Each structure stands twice: as C-alpha cells, then as structure tokens.
Amino acid sequence: AYTCIKAISKKKEALIAANYEKFIEGSVENGLAKKDAEEIWNLILKFAGYGFNKSHSTAYALIAYQTAYLKMHYPVEFMAALLSGDIPSRNFKKKDPLVDHMEDSDRMGIEIVAPNINYSDVEFSVAEGKIHFALSAIKGCGGAAAEAIVAARQDGPFKDLFDFCERVDPSACNRSAIETLIKAGAFDVFGARRAQLMTVLERAIQAGAAALADRKSGQKSLFGDMEESSEEEEVSVQLPDVAEWEERERLLMEKEVLGFYLSSHPLEEFKGKFETFCSHTTAGIANLPDRTEISIGGMLSAIKIAHVRKARPGSTATKYANFDLEDMHGAIRCIVWPKDYQQFADAIQADAVLVARGVIDRRGGGDEANLIINELIPIEELDARYTRGVLVRVHESAHGETGLRQVREILRGYPGDCEVQLLLFLENGSRVQLRSENLRVELNPEMRSRIDDLLGPGNFRLLTASAV
C-alpha cells in the first residue's frame with residue numbers, strides 16, 4: 001500500500017502538468033477569463049496539498065489492503081467480525097447495518113445459522129464454515145445475559161427450558177431475556193413449540209429459583225445420588241398441548257427481537273400480487289426524483305397520529321397519519337395528510353397489508369424520501385378494483401390444439417365480467433394476440449391454479465388498469 005502511494009506521488013507532477021492545460025482551455029472555451037481559471041486551479045492545488053494528505057491516504061490504503069485481504073482469504077471469519085462490531089449499535093425498529101451485513105453474507109454464499117441456546121456464543125462465531133448468530137445481538141439479551149448463558153453451558157448443553165432456568169443465573173438472565181430467546185427461536189433446538197415454552201415459562205422460572213435456593217442452602221434431594229448416577233433415566237417435563245402461534249404472529253415476534261424476519265417473511269404470500277399491481281418496491285426508489293408518482297405494496301407499522309397546526313381553508317380536518325410501509329426489501333416513511341386521512345383512516349391499522357399510491361417527497365433534504373399518500377387499497381380489494389381481464393399464453397409446440405381447447409373449457413367454467421385475451425406462440429415463430437368477443441370470466445384463484453397446472457407457471461397474467 002505504501003509503495004502504491006509513493007508511485008502515485010511520483011506521477012503527481014506529470015499529472016498536474018497534463019491536466020493544467022486541459023482545465024484552462026476548457027474553462028476559457030466555456031466563457032471564463034483565463035485569469036479566473038488560473039485562480040481556481042491554484043485553489044484546487046492548494047486544497048490537494050492538505051485536504052487529503054499523504055499520512056491520511058497511506059493509513060486508509062493500508063487498512064483497505066488489510067480488510068480486502070481478510071475478506072478474500074477468510075470471508076466467513078471476516079463477516080463474523082463485521083457483524084459482531086455492529087451489535088452495540090443495533091436498531092430494532094428500522095433496518096440496521098447488521099441486517100445489511102447479513103444480506104451481504106447471503107450474497108457471498110455464507111450461511112448464518114439461526115440463534116441456538118446450545119451453540120450460539122456471546123458474539124457471532126464461526127464453526128464448520130458457517131456463522132452462528134450471536135446471543136447478544138438478540139433484543140433484551142445483552143452482554144450480561146449472553147455471558148451468563150455461555151458460562152452455564154460450560155457444564156454441558158441444556159436439556160430443556162427447565163434445565164436452562166435451573167442452571168443460568170437469574171440475576172443476569174431474567175424472565176424478559178428468556179422470553180426474547182423463545183421469540184427468537186433460540187429454544188427450538190429442544191423440539192418444542194414456542195407457544196408451549198411461553199406457556200410453561202413461569203413454572204420453569206419457579207423451578208429454577210427453587211433449585212438455586214437449594215444449592216445456596218447446601219440442601220440435596222433425598223434421591224440426589226441416585227439421580228446423578230442414572231441421568232439417562234431422567235423423565236423430561238411434559239409440556240401442555242398448546243397450538244403454535246399463527247405464522248404472522250410468530251414472524252412479527254422474530255422481527256421484534258431480531259430486527260429481521262428469520263423463518264420467512266409475512267409478505268411472501270403476497271409477492272405475486274405486489275408484482276402484478278405495483279410499479280416499485282422500496283429497493284427501487286432510492287434514485288427516484290421528487291414528485292415521482294408510484295404504487296408500492298407492503299405492511300403498515302410504526303403508526304403515529306397527529307394534528308396539523310392549522311386546517312386548510314374550507315376544512316375543519318386537522319388529523320393526519322405517519323407510518324412505515326414495509327415490503328420485503330425495506331421500508332419507506334409515509335404521510336397521509338388530513339384530506340386523505342378522512343377517507344382512508346379505517347385502512348390505517350398496524351400490520352395491515354395494502355397497496356399505497358402516492359408521490360415521492362424529497363423536500364426534507366438528505367438521501368431518504370417520504371411517500372405522500374393519495375390512496376390506500378387493501379390487498380383483498382386489488383383484484384376487483386384494478387383488474388380488467390386475463391391474458392393466457394399458449395405455445396403451439398408445447399400445448400397444441402388440445403391445450404387450447406382445454407384452456408377454453410376451464411375459462412368457460414368461471415363466467416363473469418372480465419375480458420379474456422389469448423397470446424398464441426406459433427411454431428413458425430410468429431405471435432398472435434386475440435381478444436374474445438363473447439367469453440368473459442370472473443377472477444378466481446381456482447381458475448388461475450387450473451390454468452397454471454395445465455400450461456405451467458407464467459402463462460396466466462392479469463390485465464390491469466394502471467395503478468399509478
């Protein structure tokens with residue numbers, strides 16, 4: 001790195017001489033006086049002399065070389081260290097750098113193993129080419145709790161929740177910390193449902209407190225020696241037959257304590273619908289200019305209701321709403337001003353899944369944009385409000401006349417008001433698009449499923465009126 005800096009320094013004079021003439025000529029051609037151009041050039045040189053001096057640039061170059069070497073030759077260890085460094089600055093309400101680095105790890109093909117009470121360390125650790133999620137990166141399970149768990153585990157892995165509560169110091173790892181570990185799935189290793197564990201948690205804590213009191217008093221069970229000599233005959237505690245939490249509830253708990261969805265994403269089931277009806281995702285709005293109109297789908301969170309200081313002339317409405325609209329790529333802050341809030345107030349509910357139409361607002365400055373909402377459309381109303389028909393693609397070589405006749409029979413079974421179009425891919429390479437004058441259908445998930453089964457995925461598409 002130092003040799004590289006020296007080489008650049010040697011070329012410095014030649015680079016200055018070569019660019020001086022170009023700068024002066026270009027400035028004069030654009031109407032700037034030669035004297036003024038030379039004055040600006042001298043200011044540039046003056047800044048270059050101290051604005052980023054050699055010692056500064058050499059230090060950066062050395063660090064860049066070292067980190068690049070480690071990332072290239074020890075990628076798993078490098079990413080684990082990077083993740084551990086972000087633990088103290090975690091933000092569980094918004095996407096934080098730790099989640100970004102996890103996504104980078106995924107792109108690099110590095111697996112991050114879910115939290116596990118018997119394998120996870122205090123910080124992110126590496127084993128068998130994988131990164132194990134850190135206990136201290138779980139909300140409410142900071143340094144002291146994570147360290148107490150790892151210390152207790154030195155005597156062997158935990159057998160179940162009751163064994164955990166008996167062995168881990170309750171002053172360091174309290175009820176709240178254990179609840180977050182259950183929500184994060186750290187106790188899934190025992191094969192019990194999370195709802196079951198939460199149901200017996202109080203009993204387990206009480207059993208642990210009783211065991212701790214016995215140890216402090218030096219009291220041993222009447223059959224203690226027998227238990228120590230025949231551990232294999234121990235009977236596990238029977239858990240109540242409690243149904244597991246609903247998937248969305250379980251995923252929201254994961255997001256609450258981990259800062260991301262671990263098992264899946266609650267919007268996964270709506271992915272196809274969003275792709276059909278929405279113009280953008282949060283991943284594609286970073287470079288959109290101010291006042292760009294978009295439609296975007298997602299789930300509402302972090303809702304805040306407030307009042308403007310003064311109502312608009314001719315209106316008494318002052319109440320407006322702020323909320324985050326979260327999709328599978330991130331989130332955008334949304335604003336519903338009083339006029340539109342009156343119309344869409346009922347749709348603004350926590351965890352509601354919908355499509356928002358609005359305009360990008362960058363008046364606040366900075367890189368982040370807000371979305372000024374013009375319309376909110378509940379997910380269940382999309383088909384009825386914005387779909388005018390269906391398009392079915394039929395390939396002559398793959399489906400033939402028989403397939404075409406079967407498509408007609410399926411569509412005839414769902415009469416309705418939406419138009420039908422056929423896109424025929426002929427064997428000679430040409431394409432023909434037809435619109436039926438007589439056949440009209442009702443949008444129906446069963447119809448789509450039958451078409452997909454017959455022709456294969458991707459050959460059935462909704463014809464939509466533009467949502468933007």
Side-chain angles (χ1 to χ4, degrees), residues 1-19 44-116 119-139 141-147 149-151 153-154 184 186 258-260 262 282-283 286-287 329-330 366-368:
Y2 179 70
T3 304
C4 180
I5 294 297
K6 286 183 68 178
I8 291 173
S9 298
K10 287 181 180 179
K11 293 181 180 180
K12 183 178 176 181
E13 291 183 7
L15 287 170
I16 291 173
N19 285 288
I44 293 172
L45 289 184
K46 182 179 179 182
F47 176 80
Y50 73 89
F52 201 77
N53 56 42
K54 291 180 183 179
S55 61
H56 202 164
S57 58
T58 300
Y60 270 115
L62 179 61
I63 293 171
Y65 173 80
Q66 291 172 334
T67 52
Y69 179 88
L70 292 171
K71 188 174 183 179
M72 177 65 188
H73 295 283
Y74 303 95
V76 182
E77 291 79 2
F78 177 84
M79 294 307 296
L82 201 61
L83 288 162
S84 294
D86 283 323
I87 292 174
S89 59
R90 291 229 59 190
N91 182 343
F92 294 92
K93 293 184 179 179
K94 292 187 177 181
K95 188 176 181 181
D96 57 22
L98 187 143
V99 178
D100 289 330
H101 293 324
M102 289 184 66
E103 292 173 354
D104 288 339
S105 299
D106 184 60
R107 285 189 284 269
M108 294 165 65
I110 300 171
E111 181 182 349
I112 298 181
V113 182
N116 187 313
Y119 293 98
S120 295
D121 211 329
V122 176
E123 296 186 334
F124 287 86
S125 55
V126 175
E128 299 178 351
K130 302 175 183 179
I131 298 176
H132 285 264
F133 198 87
L135 292 174
S136 60
I138 301 171
K139 185 178 181 179
C141 191
E147 289 169 5
I149 293 167
V150 174
R153 205 172 61 206
Q154 299 302 312
L258 294 174
F260 62 95
L262 175 66
T282 55
N287 299 317
H329 306 278
D367 296 330
E368 291 191 7

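Only a predicted model underlies this, so the values are computations on that prediction, with no experimental measurement involved.
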Check: Which is it for Ile138 and Ser120 under the side-chain contact (heavy atoms from CB on, under 4.5 Å) test, yes or no, and what are the steps along the way?
Finding: CA-CA 11 Å; Ile138 301 171; Ser120 295; over 6 Å; no
Next item on the list: Please name all residues satisfying side-chain hydrogen bond (donor to acceptor under 3.5 Å, both in side chains) with Asp106, sequence neighbours left out, ordered by chain then number.
Entry: none
Notebook entry, point to check: For the residue pair Ser136 and Ala146, what are the closest heavy atoms and their distance?
Noted result: N-CB, 3.9 Å
Margin query: In the structure I gave you, are the side-chain heavy atoms of Pro115 and Leu258 within less than 4.5 Å of one another anywhere?
Written below: yes
Next item on the list: Check Val99 against Gly259 and note the closest heavy-atom contact, atom names and distance.
Entry: CG2-O, 3.9 Å
Notebook entry, point to check: How would you list, by chain and number, every residue that makes a side-chain hydrogen bond (donor to acceptor under 3.5 Å, both in side chains) with Asp121, sequence neighbours excluded?
Noted result: none
Checklist line | Non-neighbouring partners of Phe133 that pass ring-ring contact (aromatic ring centres under 6.0 Å, His included), sequence neighbours left out | finding: Phe124, Phe260
Checklist line | Counterpart residues, salt bridge (charged side-chain N to carboxylate O under 4.0 Å, His left out), relative to Glu111 (two or more places apart) | finding: Lys130
Note to self: If the condition is side chain to side chain contact (heavy atoms under 4.5 Å, CB included), which residues does Ala114 pass it with, not counting sequence neighbours?
What the structure shows: Leu262
Next item on the list: Kindly give the heavy-atom pair with the smallest separation between Ser105 and Leu83, and that separation in Å.
Entry: OG-CD1, 4.5 Å
Margin query: Is there a side-chain contact (heavy atoms from CB on, under 4.5 Å) between His132 and Asn116? Walk through the geometry before answering.
Written below: CA-CA 8 Å; His132 285 264; Asn116 187 313; 5.6 Å; no
Next item on the list: Output every pair passing salt bridge (Lys or Arg N to Asp or Glu O under 4.0 Å) with a member in residues 62-79, not counting sequence neighbours, ordered by first then second residue.
Entry: none
Item checked: Non-hydrogen side-chain atoms of Asp104 and Leu82 separated by less than 4.5 Å -> no
Next item on the list: Would you please name every residue forming a side chain to side chain contact (heavy atoms under 4.5 Å, CB included) with Val76, sequence neighbours left out?
Entry: Ile110, Val126, Ile131
Notebook entry, point to check: Yes or no on side-chain contact (heavy atoms from CB on, under 4.5 Å) for Arg90 and Asp86, after CA distance, side-chain angles and deciding distance?
Noted result: CA-CA 7 Å; Arg90 291 229 59 190; Asp86 283 323; over 6 Å; no
Next item on the list: Mind checking salt bridge (charged side-chain N to carboxylate O under 4.0 Å, His left out) for Arg153 and listing every partner two or more places apart, or none if nothing turns up?
Entry: none
Margin query: Could you measure the distance from the NE2 atom of His101 to the CG atom of Asp96? Nearest 0.5 Å is fine.
Written below: 9.0 Å
Checklist line | Residues forming a side-chain hydrogen bond (donor to acceptor under 3.5 Å, both in side chains) with Thr282, sequence neighbours excluded | finding: Asp327
Next item on the list: Would you please name every residue forming a side-chain hydrogen bond (donor to acceptor under 3.5 Å, both in side chains) with Glu103, sequence neighbours left out?
Entry: Lys95
Notebook entry, point to check: Which residue pairs pass the ring-ring contact (aromatic ring centres under 6.0 Å, His included) test with at least one member in residues 67-96, sequence neighbours excluded?
Noted result: Tyr69-His73
Note to self: Under the rule for salt bridge (charged side-chain N to carboxylate O under 4.0 Å, His left out), what residues qualify as partners of Lys139, not counting sequence neighbours?
What the structure shows: none
